Student: 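Got a structure for you, written out below as structure tokens; questions coming shortly.
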Amino acid sequence: MKALIISANDFEDLELYYPYYRLKEEGWDITIAAPDTGTIAGKHGYSVPIESKFSDINPDEFDILFIPGGRAPEEVRINENALRIVNSFFDDGKIVASICHGAQVLVSANRVLGRKITCWKGVRDDVLAAGGLYTDTEVVVDGNLVSSRMPVDLPAFMRELMKLTRMAVQLEQARRAA
């Protein structure tokens, strides 16, 4: 199973690294994509190598999309290829996980209308203006969408995301066995 993380410079370090390593523990193959190859740096100075540009990503090759927060979503949300990726995941009913400012990307992709979602309080008005059903709780699951507000919510966020990923693995195994 393959996960895709989309981000840019100034990502929230914990919101990228915690899910990255948690998914790795479960055996997921993870690709981190950004506007350009090279490296991106987090708000607190940690950097990650970028394996693929948004423009080179084929969403059909991935099972989960993860969007960390920080300031990075401000850059991601204006990238047409990033929005293409997000829309493909939603169109295919695949798991999409967003934390903190990651909701900005979902707003720009027009994917929050009528959806239950949470995010950083500074993004709340964007979500509401786009027709999202904002809830101020540590984690919200609405079908294939998992969202959280901030780094302190990561344990609850990952608990719910891991439930969905385990279901996805079981479905894939059943499909292969059929």
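What you see is a predicted model, and the numbers here were worked out from it, not measured in a lab. Values reported hereafter were calculated over all heavy atoms of this structure, with side chains retained and with hydrogens, waters and symmetry mates removed.
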Student: Are Met1 and Val96 connected in a single hydrophobic cluster, I mean Ile/Leu/Val/Met/Phe/Trp/Tyr linked by side-chain heavy atoms less than 4.5 Å apart?
Tutor: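 Cluster IDs for Val96 and Met1 differ.
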
Student: Mind checking what makes ring-ring contact (aromatic ring centres under 6.0 Å, His included) contact with Phe62, not counting sequence neighbours?
Tutor: none

Student: Pair Arg84, Asp91 - check salt bridge (charged side-chain N to carboxylate O under 4.0 Å, His left out), show working.
Tutor: CA-CA 10 Å; Arg84 170 187 57 82; Asp91 290 346; over 6 Å; no

Student: So does Ala41 get a backbone contact from the side chain of Asn9, meaning a donor-acceptor N/O pair under 3.5 Å?
Tutor: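 Checked: pair present.
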
Student: Give the intermediate values and the outcome of side chain to side chain contact (heavy atoms under 4.5 Å, CB included) for residues Ile30 and Lys24.
Tutor: CA-CA 7 Å; Ile30 302 171; Lys24 279 279 193 196; 3.7 Å; yes

Student: Write down the atom of Trp28, the atom of Ala3, and the distance for their closest heavy-atom approach.
Tutor: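 For Trp28 versus Ala3, the nearest heavy atoms are CE3-N, 3.8 Å.
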
Student: Can you confirm whether more than 12 heavy atoms, excluding those of Lys94, are under 6.0 Å from its NZ atom?
Tutor: yes

Student: About how many Å separate CE of Met167 and CD1 of Ile95, when rounded to the nearest 0.5 Å?
Tutor: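 Atom-to-atom, Ile95:CD1 and Met167:CE are 7.5 Å apart.
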
Student: Side chain to side chain contact (heavy atoms under 4.5 Å, CB included) between Arg77 and Asp126: does it pass, once the steps are laid out?
Tutor: CA-CA 13 Å; Arg77 77 185 300 183; Asp126 296 359; 4.0 Å; yes

Student: Is it the case that one hydrophobic cluster holds both Ile117 and Val139, taking links as side-chain heavy atoms less than 4.5 Å apart, direct or via other members?
Tutor: no

Student: In Å and rounded to the nearest 0.5 Å, what is the CG to CG distance from Asp63 to Leu164?
Tutor: 13.0 Å

Student: Return the CD to NE2 distance between Glu12 and His101, rounded to the nearest 0.5 Å.
Tutor: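 Answer for the CD-NE2 pair, Glu12 versus His101, is 10.0 Å.
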
Student: Compare all side-chain heavy atoms of Glu138 with those of Phe157 and state whether any distance is below 4.5 angstrom.
Tutor: no

Student: For Lys43 and Asp13, which heavy atoms make the closest approach, and how far apart are they?
Tutor: N-OD1, 3.0 Å

Student: Do any N or O atoms from the side chain of Ser147 and from the backbone of Cys119 form a donor-acceptor pair under 3.5 angstrom?
Tutor: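 Checked: no pair found.
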
Student: Would Phe11 and Val48 count as a side chain to side chain contact (heavy atoms under 4.5 Å, CB included) if you check the C-alpha gap in whole Å, the side-chain angles of each, and the deciding distance to 0.1 Å?
Tutor: CA-CA 10 Å; Phe11 60 88; Val48 294; 4.2 Å; yes

Student: Classify the ring geometry of Tyr17 against Tyr46: parallel below 30°, tilted from 30° to 60°, perpendicular beyond 60°.
Tutor: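 Answer is perpendicular, since the angle exceeds 60°.
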
Student: Over all heavy atoms of both residues, which pair between Ala72 and Ser7 is shortest? Give the atoms and the distance, please.
Tutor: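 Of all heavy-atom pairs spanning Ala72 and Ser7, the closest is CB-OG, 3.6 Å.
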
Student: For Glu80, I'd like to know if atom CD has over 12 heavy atoms of other residues, nucleotides or ligands within 6.0 Å.
Tutor: no

Student: Determine the minimum heavy-atom distance between Ile50 and Ala34, stating which atoms define it.
Tutor: CG2-N, 3.7 Å

Student: Supply the atom-to-atom distance Ile67 CD1 to Cys100 SG, rounded to the nearest 0.5 angstrom.
Tutor: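 Going from CD1 on Ile67 over to SG on Cys100, the span is 12.5 Å.
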
Student: Let me see the working for Val86 and Leu65 under side chain to side chain contact (heavy atoms under 4.5 Å, CB included), right down to the final yes or no.
Tutor: CA-CA 8 Å; Val86 171; Leu65 174 64; 3.8 Å; yes

Student: Is there a path of hydrophobic side-chain contacts, each under 4.5 Å between heavy atoms of I, L, V, M, F, W or Y residues, that connects Ile5 with Met162?
Tutor: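 Linked, Ile5 and Met162 end up in one cluster.
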
Student: Identify the residue among Ile40, Asn81, Ile6, Asn79 that makes a side chain to side chain contact (heavy atoms under 4.5 Å, CB included) with Pro35.
Tutor: Asn79

Student: Go through the steps to decide whether Glu74 and Arg71 satisfy the test salt bridge (charged side-chain N to carboxylate O under 4.0 Å, His left out), and finish with yes or no.
Tutor: CA-CA 6 Å; Glu74 292 177 23; Arg71 289 185 213 97; over 6 Å; no

Student: If Ile, Leu, Val, Met, Phe, Trp and Tyr residues are connected whenever their side-chain heavy atoms lie under 4.5 Å apart, and connections chain through other members, are Phe66 and Tyr21 in the same group?
Tutor: yes

Student: Could you check Glu160, Glu26, Glu172 and say which one makes a salt bridge (charged side-chain N to carboxylate O under 4.0 Å, His left out) with Arg166?
Tutor: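 When salt bridge (charged side-chain N to carboxylate O under 4.0 Å, His left out) is applied between Arg166 and each of Glu160, Glu26, Glu172, only Glu26 qualifies.
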
Student: What are the two closest heavy atoms between Ser98 and Leu106, and how far apart are they?
Tutor: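 Smallest heavy-atom distance, with atoms named: CB-CD1, 3.7 Å.
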
Student: Is the backbone of Pro59 close enough, under 3.5 Å, to the side chain of Ser88 for a donor and an acceptor to pair up by distance?
Tutor: no

Student: With a 4.5 Å heavy-atom cut-off, do Ile99 and Arg149 have their side chains touching?
Tutor: no

Student: To the closest 0.5 Å, what do you measure between CZ (Arg115) and CG (Asn144)?
Tutor: 5.0 Å

Student: For Asp92, enumerate each residue passing the side-chain hydrogen bond (donor to acceptor under 3.5 Å, both in side chains) test, keeping only those at least two apart in sequence or located in another chain.
Tutor: none

Student: For Leu128, enumerate each residue passing the side chain to side chain contact (heavy atoms under 4.5 Å, CB included) test, keeping only those at least two apart in sequence or located in another chain.
Tutor: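 For Leu128 the side chain to side chain contact (heavy atoms under 4.5 Å, CB included) partners, ignoring immediate neighbours, are Arg124, Asp125, Tyr134.
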
Student: Hey, is the main chain of Ser52 close enough, under 3.5 Å, to the side chain of Thr37 for a donor-acceptor pair?
Tutor: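 No, Thr37 side chain to Ser52 backbone: no donor-acceptor pair under 3.5 Å.
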
Student: Could you state the interatomic distance from CG (Leu83) to CD1 (Ile78), rounded to the nearest 0.5 Å?
Tutor: 9.5 Å

Student: With heavy-atom distances below 4.5 Å as the criterion, would you say the side chains of Val140 and Val146 are in contact?
Tutor: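 SC-SC contact between Val140 and Val146 ruled out.
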
Student: Around Lys121, counting heavy atoms of other residues, nucleotides and ligands shown, do more than 12 lie under 6.0 Å from its NZ?
Tutor: no

Student: Taking the side chain as C-beta and beyond, is there a heavy-atom pair between Leu145 and Val141 under 4.5 Å?
Tutor: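 SC-SC contact between Leu145 and Val141 ruled out.
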
Student: Would you kindly confirm whether Val76 and Leu16 end up in one hydrophobic cluster when ILVMFWY residues are joined by side chain heavy atoms under 4.5 Å apart?
Tutor: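 Not linked; separate clusters.
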
Student: Considering all heavy atoms of both residues, which atom of Val112 and which atom of Ala130 are nearest to each other, and what is their separation?
Tutor: CG2-CB, 3.4 Å

